[in-house]
Amino acid sequence: MIRKTVFGTVMAFLVIVALTTQAGAYLLDMPSPAPRLGSTVAGLSATGGMAPVAEHGPRAVGVRTVDSDEAPVAMTLWYPAVEPEEIRELAYAYGVTIFSPDSSVAFATFPGHATPGAAYDLTGGPYPLVVVSPGFAVTGSSYAWLAEQVVSHGFVVVAPEHRESLDPSGLWRATINRPVDVLAVLDHLDIESRLGGEYGGLIDIGTVAVVGHSYGGYTAIATAGARLDTEVFSETCAAAYADDDPLTFQCDALDGRSDDMAALSRLERVPTGLWPAVADDRIRAVVSIAGDAAMFGTDGLKEVTVPVMAIGGTADTDSPFAWGTRFAYEHVSSTRKIEIALEGAGHMVFAGGCDHMRRVESLVSLGFCSDPGWDRHEAHDIVEHYVTTFLRAELRADPDARAALAPSRQDVPEITYRAEGF
Amino acid sequence: MLTRTRDQHTATKNRRTPLKRLARTAGLLYIAIFILYPVATIVRSSFVAPGDAATTAANIEANESLFRMALAGEATVFLIEIVLAAILYVLLRPVSRSLSLSASFARVAEGVVMAAGTVVMGAFTLVAVSGAGYLAAFSPEQRDALIMFFQDANEYIVLIWGFFFALSLVLTGWLVYRSGFFPKVPGVLLTLAGVGYVAQSFGTIVAPGAAEMLTTLVFALAIPGELVFALWLVTKGVDEEKWRSRAATTKEAQL
C-alpha cells in the first residue's frame with residue numbers, strides 16, 4: 001500500500017513537472033518575426049487609428065554596441081550613417097534584466113531600420129549628442145524606436161546600460177549610480193570625440209541632451225542639476241502613506257536608505273537639505289518621459305535651469321503623473337519648459353515596442369506590453385514627434401522647431417499640452 | 001501440488017519481470033525527455049531575442065555556463081532517444097518487425113538530426129562567443145550576426161528532425177493501436193501527435209506565415225499522445241500474455 005502511494009505520488013509529481021515545463025516552453029517562446037529580410041523599409045511603421053505625427057528625418061541610421069571593456073559603461077550607439085545600398089529591417093529586443101545586470105530577457109521585439117556597423121556619415125557632423133537613459137532594469141535597445149527617429153534628424157544617440165536587475169530594493173543604488181553613469185559616458189565620448197578618436201568629427205560633445213524614461217527621467221533631471229532632498233522626500237512619503245498614494249512604491253524602495261545612498265556617494269554623512277549636484281554643464285536640455293521627480297522636492301528641482309520637456313501618462317501609477325511629470329514641470333526654474341500629458345496613458349506604454357511578444361505576454365498581461373488606455377504605436381509616435389522637435393529647437397536652435405512647439409500650434413486631441421517660453 | 005503451483009507462479013512472475021521492467025523503463029525515459037527538453041529550451045530561448053543579434057550575443061556571452069548546461073541537457077535528450085528507440089522496437093516487434101524497425105530508425109534519425117542541429121549549432125555559437133584571436137577578422141556586428149545565424153538555423157533544424165519524429169510517432173501509434181497488448185487510445189493519440197509534427201514541419205517550410213498556428217497545433221496534439229503513452233508504459237506496461245501470443249504469431253509469420 002505504502003509502495004503504491006509513493007509510486008502514485010512520484011508519478012503525479014512527474015506529470016505535473018512535465019506539463020509545467022512543456023507549457024512553460026510553449027508560453028515563454030517568442031514566435032520569430034515573419035521573415036521580411038531584404039524588404040526595403042518605407043517610412044514609419046503604421047500606427048493604430050491616429051494619423052502619424054512624427055516625420056522621419058532624412059538621414060540613414062547606423063547602430064553599434066559598445067561593450068564594457070571598451071567604455072566605462074556598456075552602451076548602444078545610434079548615429080547618422082552613410083546611406084546603405086539597401087535599408088534592411090532588423091529587430092530590436094525590448095528587454096529587461098530580470099535576474100542579472102549582465103543579461104536581459106526579451107519580452108518582445110520590434111522592427112527597426114538602422115544598419116549595424118554602418119560607416120559614420122561625417123558630412124553634417126559633428127552632431128549634437130542625446131543620451132537616452134532607460135527605465136529601471138530596461139535595456140537601452142528597448143528605446144531604439146525613439147533613438148532611430150532622433151538620429152534621422154541629425155543627432156547621435158547613446159543609451160547606456162545601467163547595471164541593474166529588476167529588484168526594487170536596488171532602486172536606492174540606481175539613484176546614486178545612474179547620474180554618475182551618464183557623466184562617465186560623456187567623459188568617455190569627450191575623449192573619443194577628439195581628433196583621431198573613435199568618434200572624431202561625429203559627436204559634438206559640448207551640445208548634449210539627456211532623455212530618460214521612468215527612472216531614466218529621474219536620471220535626466222538629476223544630470224541637469226536637480227538635487228536630492230531626502231528629508232523632504234521622507235515627509236512626502238509620510239503623507240503618501242497616509243493617503244495611500246501610489247508614490248508609496250518609490251517610498252518603500254528609497255525612504256530609509258539615505259545612509260546607504262550617502263555612503264555610496266562617498267559622503268561622510270547624509271546631507272541636511274539638498275544633496276550635492278551630480279550635473280554637467282554640457283547638458284543643454286532634458287526630456288523626462290514618465291520620469292520620477294519626487295525625491296528632489298521643490299527646492300531640488302529649482303536647481304534645474306536648462307529647457308525641460310516632461311511627458312507622462314495621466315493614469316501612470318508606477319511614476320504617478322502628479323509626482324513625476326507635473327511635479328518636474330511646475331518646479332524647475334527653466335524659462336523654457338513643456339508638459340505633455342497623454343490622457344489615460346500608463347507607465348510602460350513609453351518603453352519598448354511590442355510587435356512580437358512572447359506567447360505568455362499575449363495571454364496573461366505581465367504589464368510590459370499592455371496599456372489599458374493607449375495604443376503603443378500612437379504613444380511612441382507622439383513621443384517621437386515632440387522629443388525630436390524639442391531637441392531640434394534646443395540643441396540645433398532650429399526656429400521652425402521652436403515655433404512648432406508653441407501651444408497654439410498643437411492639434412493632437414489625445415494630449416494636454418502646456419508650455420512656457422515657446 | 002501446492003508447492004508446484006507456487007513454483008509455477010513464481011516462475012511466471014520471474015518471466016514477466018523483464019518485459020514489465022522494459023516497459024516501465026521506456027515510460028520513464030519518455031517522461032525524462034518530456035521534462036529535460038522543454039527545460040533546455042526555456043533556458044536557451046530566454047537568451048535569444050529573435051532578430052536582435054546584439055542582445056542575443058550579449059546574453060549568451062554573459063551566461064555561457066548556463067548555455068552549456070542547456071546544451072548538455074539537449075545532448076542527454078538525444079542519447080535517451082536512441083535507448084528509447086531500441087526499447088520501443090523490442091516492445092512493438094510482435095506487431096510488425098519491419099514497421100517497428102522503421103519507427104525505431106526514424107527515432108534514431110530524429111536523435112541524430114537533433115544532435116547535428118541543436119548541439120552542433122550550440123557548439124558553433126560557443127566558438128563564436130569564445131573571443132578566439134582569429135575571430136578578430138569579424139567586426140563585432142558580424143560576429144553577433146554569426147551567433148544569431150546559428151540560433152536561427154537551429155529553428156529550422158527543429159523542423160527537419162520533426163519529419164523523422166513525426167514518422168516515428170505515426171508508426172508507433174499504428175503499432176500500438178494494432179498491438180492488442182496496449183489499449184487503442186494511446187495509439188490514436190500518438191498518431192495524431194505525429195500528424196501534428198508532419199503538419200508543422202511541412203507547413204512551416206511551405207507557408208512560414210502559418211508557423212504560429214502550427215506550433216500551437218503541435219503543442220495541443222503532442223502532449224496528450226506522448227504523455228498518455230508514457231504514463232501507460234510506467235503504470236500498466238504491456239499485457240504480457242497477449243504480447244507473448246502476438247510474438248509467437250509474428251515469429252511464425254516472420255513479419
Side-chain angles (χ1 to χ4, degrees), chain A residues 7-8 10-11 14-15 17-35 37 62-67 70 74 76 89-95 97-112 115-118 139 141-142 144 161 356 358-359, chain B residues 27-28 30-63 66-67 131 138-145 148 151-152 155 204 208-209 211-213 215-216 218-220 222-223 226-227 230-231 234-235:
Chain A
F7 180 71
V10 170
M11 287 313 299
L14 286 176
V15 169
V17 172
L19 288 173
T20 307
T21 51
Q22 290 284 343
Y26 175 77
L27 291 172
L28 292 176
D29 187 28
M30 187 192 300
S32 292
L37 291 177
V63 61
R64 59 164 298 200
T65 52
V66 179
D67 294 335
E70 300 172 71
T76 307
E89 193 171 283
L90 81 164
Y92 289 106
Y94 167 17
T97 50
I98 295 180
F99 306 110
S100 142
D102 294 319
S103 79
S104 59
V105 173
F107 280 91
T109 64
F110 56 99
T115 305
T139 59
S141 69
S142 304
E161 303 292 348
H356 303 281
R358 287 196 189 275
R359 288 194 187 93
Chain B
L28 289 173
Y30 229 129
I31 291 174
I33 293 172
F34 225 75
I35 295 171
L36 264 179
Y37 186 70
V39 167
T41 306
I42 287 170
V43 172
R44 207 160 38 77
S45 125
S46 70
F47 300 148
V48 176
D52 187 340
T55 300
T56 302
N59 281 346
I60 293 173
E61 220 167 341
N63 297 282
L66 210 51
F67 187 79
F138 298 101
S139 71
E141 289 77 19
Q142 288 172 328
R143 199 201 55 150
D144 292 350
M148 193 76 241
Q151 292 305 306
D152 269 352
E155 295 298 312
T204 306
E212 174 61 5
M213 184 269 288
T215 305
T216 305
V218 163
F219 178 71
I223 289 181
E226 295 182 86
L227 194 57
L231 285 175
V234 174
T235 55

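All values below were derived from every heavy atom in this structure, side-chain atoms included, with hydrogens, water molecules and symmetry-related copies excluded. Residue numbers begin at 1 in each chain, while the letters A, B, ... track the order of the sequences.
- Listed options Thr216(B), Val218(B), Leu227(B) were ranked by heavy-atom pairs under 4.5 angstrom with chain A; first place goes to Thr216(B).
- Within the 4.5 angstrom heavy-atom criterion, atoms from both the backbone and the side chain of Ala23(A) approach chain B.
- Considering every non-hydrogen atom in both Pro50(B) and Ala91(A), the closest pair reads O-CB, 3.5 Å.
- If you take CG on Leu90(A) and CG on Asp52(B), they are separated by 7.0 Å, rounding to the nearest 0.5 Å.
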message = Would Leu14(A) and Val234(B) count as a side-chain contact (heavy atoms from CB on, under 4.5 Å) here? Give the steps.
response = CA-CA 11 Å; Leu14(A) 286 176; Val234(B) 174; over 6 Å; no
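- In this structure, the side chains of Asp102(A) and Asn63(B) stay at 4.5 Å or more apart for every pair of heavy atoms.
- Residue contact with chain B, scored on non-hydrogen atoms closer than 4.5 Å, involves the side chain of Phe7(A) exclusively.
- Contact annotation: the side chain of Val15(A) approaches that of Leu231(B) to within less than 4.5 Å [non-hydrogen atoms, C-beta and beyond].
- If you measure heavy-atom distances from Val48(B) to chain A, the contacts under 4.5 Å come from the backbone alone.
- When the shell of 6.0 Å around CZ of Phe99(A) is examined, it contains 12 or fewer heavy atoms from other residues, nucleotides or ligands.
- Side-chain atoms of Thr215(B) and Tyr26(A) form no donor-acceptor pair, as typed in the model, at a separation below 3.5 Å.
- Contact of Ser139(B) with chain A is not made at all, since no heavy-atom distance falls under 4.5 Å.
- Interface remark: Phe34(B) contributes backbone and side-chain atoms alike to the contact with chain A (heavy atom separation under 4.5 Å).
- Nearest approach of Thr21(A) to Ile42(B), heavy atoms of both residues: O-CD1, 3.9 Å.
- The two residues Thr55(B) and Ser104(A) have their closest heavy-atom pair at CG2-OG, 3.6 Å.
- Ranked by heavy-atom pairs shorter than 4.5 Å toward chain B, the options Met11(A), Arg64(A), Arg359(A) are led by Arg359(A).
- The two residues Ala54(B) and Thr65(A) make their nearest non-hydrogen contact at CB-CG2, 3.8 Å.
- For chain B, the nearby part of Ser141(A) is the side chain; its heavy atoms alone come within less than 4.5 Å.
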